[in-house]
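All residue numbers in this chain count up from 1 along the given sequence.
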Amino acid sequence: MEDKAKEDKVNHPRHYDLPGGGQAIDVIDDMLDDTEIEGYYKGNIIKYIARYKKKGGAESLKKARWYLDKLIALKETQEEIDAE
């Protein structure tokens with residue numbers, strides 16, 4: 001079993017692992033349409049930025065950046081589709 005000190009709490013937090021493999025974010029991404037997932041990402045960005053001073057510090061900011069990267073990728077994909 002992986003040592004807790006080596007756990008990637010930003011990109012792959014173990015507490016979100018699903019029994020069959022993957023993570024909860026994979027299910028969320030599959031179940032929500034683009035508008036819903038955009039709102040989900042934005043909400044998490046706001047949450048992690050708003051609380052970083054009191055909970056998580058730099059780790060919370062990294063989590064906000066992780067969701068921002070997901071939102072950017074979503075928007076880039078949408079823009080590519082719209083350009084076609």
Side-chain angles (χ1 to χ4, degrees):
M1 187 165 185
E2 187 179 350
D3 181 47
K4 245 192 186 263
K6 294 180 184 178
E7 178 183 2
D8 185 346
K9 294 181 180 182
V10 174
N11 297 297
H12 192 85
R14 281 191 282 164
H15 58 279
Y16 289 121
D17 286 348
L18 299 174
Q23 290 206 311
I25 190 66
D26 301 323
V27 176
I28 293 167
D29 282 343
D30 288 343
M31 293 185 73
L32 301 179
D33 66 30
D34 284 355
T35 302
E36 294 168 324
I37 199 69
E38 184 175 334
Y40 177 78
Y41 293 159
K42 286 170 35 178
N44 277 298
I45 293 164
I46 293 165
K47 172 182 71 175
Y48 284 117
I49 289 173
R51 73 181 197 181
Y52 84 94
K53 288 183 181 179
K54 293 185 179 182
K55 182 179 179 185
E59 184 178 299
S60 285
L61 293 173
K62 289 175 184 177
K63 289 177 180 180
R65 180 176 58 199
W66 189 86
Y67 279 102
L68 181 58
D69 288 341
K70 299 274 287 176
L71 180 58
I72 290 167
L74 174 67
K75 296 309 290 178
E76 287 175 339
T77 300
Q78 289 172 342
E79 290 169 4
E80 287 173 13
I81 292 169
D82 290 345
E84 292 177 353

Counting only heavy atoms from other residues, nucleotides and ligands, does the tally under 6.0 Å from NZ of Lys70 exceed 12?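 Enclosed: over 12 neighbouring heavy atoms sit under 6.0 Å from NZ of Lys70.
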Counting only heavy atoms from other residues, nucleotides and ligands, does the tally under 6.0 Å from NZ of Lys47 exceed 12? yes
How long is the straight-line distance from [atom2] of [Y] back to [atom1] of [X], given to the nearest 0.5 Å?
X	Y	atom1	atom2	value
His12	Glu7	NE2	CD	8.5 Å
Ile37	Met31	CD1	CE	11.0 Å
Lys75	Leu68	NZ	CG	12.5 Å
Glu36	Ile28	CD	CD1	11.5 Å
Arg51	Leu61	CZ	CG	11.0 Å

Once salt bridge (Lys or Arg N to Asp or Glu O under 4.0 Å) is applied, do any residues pair with Glu59, and if so which ones, sequence neighbours excluded?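 In terms of salt bridge (Lys or Arg N to Asp or Glu O under 4.0 Å), with neighbours along the sequence ignored, Glu59 is linked to Lys63.
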Under 3.5 Å, is there a donor-acceptor pair between the Asp29 and Tyr41 side chains?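 Result is yes, a qualifying pair exists.
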Are [X] and [Y] side-chain neighbours, meaning at least one heavy-atom pair lies under 4.5 Å?
X	Y	answer
Glu38	Thr35	no
Lys9	His15	no
Ile25	Tyr16	no

Using the rule that two of Ile, Leu, Val, Met, Phe, Trp, Tyr join whenever any of their side-chain heavy atoms come within less than 4.5 Å, decide whether Ile72 and Val10 are in one cluster. yes
Using the rule that Ile, Leu, Val, Met, Phe, Trp and Tyr join whenever any side-chain heavy atoms are under 4.5 Å apart, tell me whether Leu18 and Tyr40 fall into a single cluster.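 Looking at the clustering, Tyr40 is in a separate group from Leu18.
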Minimum heavy-atom separation for Ser60 and Lys55, please, with both atom names.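 Minimum heavy-atom contact is OG-O, 2.7 Å.
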Ala64 to Ile45 - nearest heavy-atom pair and separation: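 Minimum heavy-atom contact is O-CG1, 3.7 Å.
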Asp8 vs Arg14, test: salt bridge (charged side-chain N to carboxylate O under 4.0 Å, His left out). Steps then yes/no. CA-CA 8 Å; Asp8 185 346; Arg14 281 191 282 164; over 6 Å; no
Ring-plane angle category for Tyr48 and Tyr67, please: parallel below 30°, perpendicular beyond 60°, tilted otherwise.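 The arrangement is parallel - the two ring planes meet at less than 30°.
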Please check if the side chain of Gln23 supplies one atom and the backbone of Pro13 the other of a donor-acceptor pair under 3.5 Å. yes
